[in-house]
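A short write-up of the structure that comes next.
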Amino acid sequence: LASAIDYISTLGMDRIAAYEQQLVNTAYERLQRINRIKFYGSDNRASILSFNLEGVHPHDAGSIMDRCGVAVRTGHHCAEPLMERLGTPGTVRASFAFYNTMEDVDVLVRSLEKVREIFP
C-alpha cells in the first residue's frame, strides 16, 4: 500500500484527475457521434460514462464489446430502483483511470460501432 501511495503521490493527484477528465471528455465527444446513443448522468462527470444504445440490451452490448477486447460493466450497478425510474433494464458503464490511454478510447469507440453494426 505504501508503494502505491508513493507512486500516486509522485504522479500527482491533480495531474491524474486532469488526465482522467481528458480521457472521459474525449470518449464522450466521440461516442456522441454514434447513432442512437443515450447517456445517463450529469455533464459534470468523473471518469465514468454510463450509456445505452437504443434497441440494444446493455448485456448484449457488453458481450459484443468484450469480444472486441473492451471491459465494461453492464446492468443495474447496485441501483435497480434508479434503473426502474429511468425506465431501462440497466446501462453500460465505461470507467477510465490514469493507466488508460487514448488508444483505449479508440478501441471503446470501435467496439460500440461494432455493436451498432450488429444492431442497426
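When reading the values below, keep in mind they use all heavy atoms of this one structure, side chains included, and skip hydrogens, waters and symmetry mates. One is the number of the first residue; the rest follow in order along the sequence.
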Review point. Which of these passes side-chain contact (heavy atoms from CB on, under 4.5 Å) with I37: V115, V92, N52, L53?
Key: L53
Check your understanding: If you take all heavy atoms of S95 and I48, which pair is closest and at what distance?
Key -> OG-CG1, 3.9 Å
Review point. When the aromatic ring centroids of Y40 and F51 are compared, is their separation below 6.0 Å?
Key: no
Check your understanding: Can you check whether D14 reaches Y19 side chain to side chain, under 4.5 Å on heavy atoms?
Key -> no
Practice item. Using the side chain to side chain contact (heavy atoms under 4.5 Å, CB included) rule, take L112 and M65 through it: C-alpha gap first, then chi angles, then the decisive distance, then the call. Key: CA-CA 7 Å; L112 280 165; M65 294 171 76; 3.8 Å; yes
Practice item. Check E20 against A97 and note the closest heavy-atom contact, atom names and distance. Key: OE2-CA, 3.3 Å
Exercise for review: Output the distance between atom CZ (F119) and atom CZ (R36), rounded to the nearest 0.5 Å.
Suggested key: 11.5 Å
Point to revise | More than 12 heavy atoms from other groups under 6.0 Å of CG on N35 | key: yes
Study note, to complete from the structure: Here the pair of heavy atoms bringing H59 nearest to G75 is NE2-CA, 3.8 Å
Check your understanding: Which value, rounded to the nearest 0.5 Å, describes the distance between L108 atom CG and T26 atom OG1?
Key -> 11.5 Å
**Study point:** Chi angles and distances behind the side chain to side chain contact (heavy atoms under 4.5 Å, CB included) call for Q32, F39
**Key:** CA-CA 9 Å; Q32 282 182 308; F39 292 95; 3.8 Å; yes
Exercise for review: Over all heavy atoms of both residues, which pair between V72 and G62 is shortest? Give the atoms and the distance, please.
Suggested key: CG2-CA, 4.0 Å
Review point. Are N25 and E29 close enough that a side-chain donor and a side-chain acceptor fall under 3.5 Å?
Key: no
Review point. Do M13 and L11 share a hydrophobic cluster (ILVMFWY, side-chain heavy atoms under 4.5 Å, transitive)?
Key: yes
**Study point:** Check: I8 and I16 side chains under 4.5 Å, non-hydrogen atoms
**Key:** yes
Review point. Are any of the side-chain heavy atoms of Q22 and M102 separated by less than 4.5 Å?
Key: yes
Practice item. Could you state whether I118 and V107 fall into the same hydrophobic cluster, counting links through intermediate Ile, Leu, Val, Met, Phe, Trp or Tyr residues with side-chain heavy atoms under 4.5 angstrom apart? Key: yes
Review point. So, S47 side chain and F96 main chain: donor-acceptor pair closer than 3.5 Å or not?
Key: yes
Check your understanding: Side chain of N100, backbone of L23: donor and acceptor closer than 3.5 Å?
Key -> no
Check your understanding: Looking at R73 and C78, what are the two nearest heavy atoms and their distance?
Key -> NH2-SG, 4.3 Å
Exercise for review: Could you give me the CA-CA distance, side-chain angles and deciding distance for R116 and E113, then say whether side chain to side chain contact (heavy atoms under 4.5 Å, CB included) is met?
Suggested key: CA-CA 5 Å; R116 190 45 73 207; E113 289 169 345; 5.5 Å; no
Practice item. Determine whether more than 12 heavy atoms belonging to other residues, nucleotides or ligands lie under 6.0 Å from atom CZ of R30. Key: yes
Check your understanding: Between the side chain of H77 and the main-chain N/O of T91, is any donor-acceptor distance below 3.5 Å?
Key -> yes
Practice item. Determine whether P58 and P89 make a side-chain contact, defined as any pair of heavy atoms from C-beta on separated by less than 4.5 Å. Key: yes
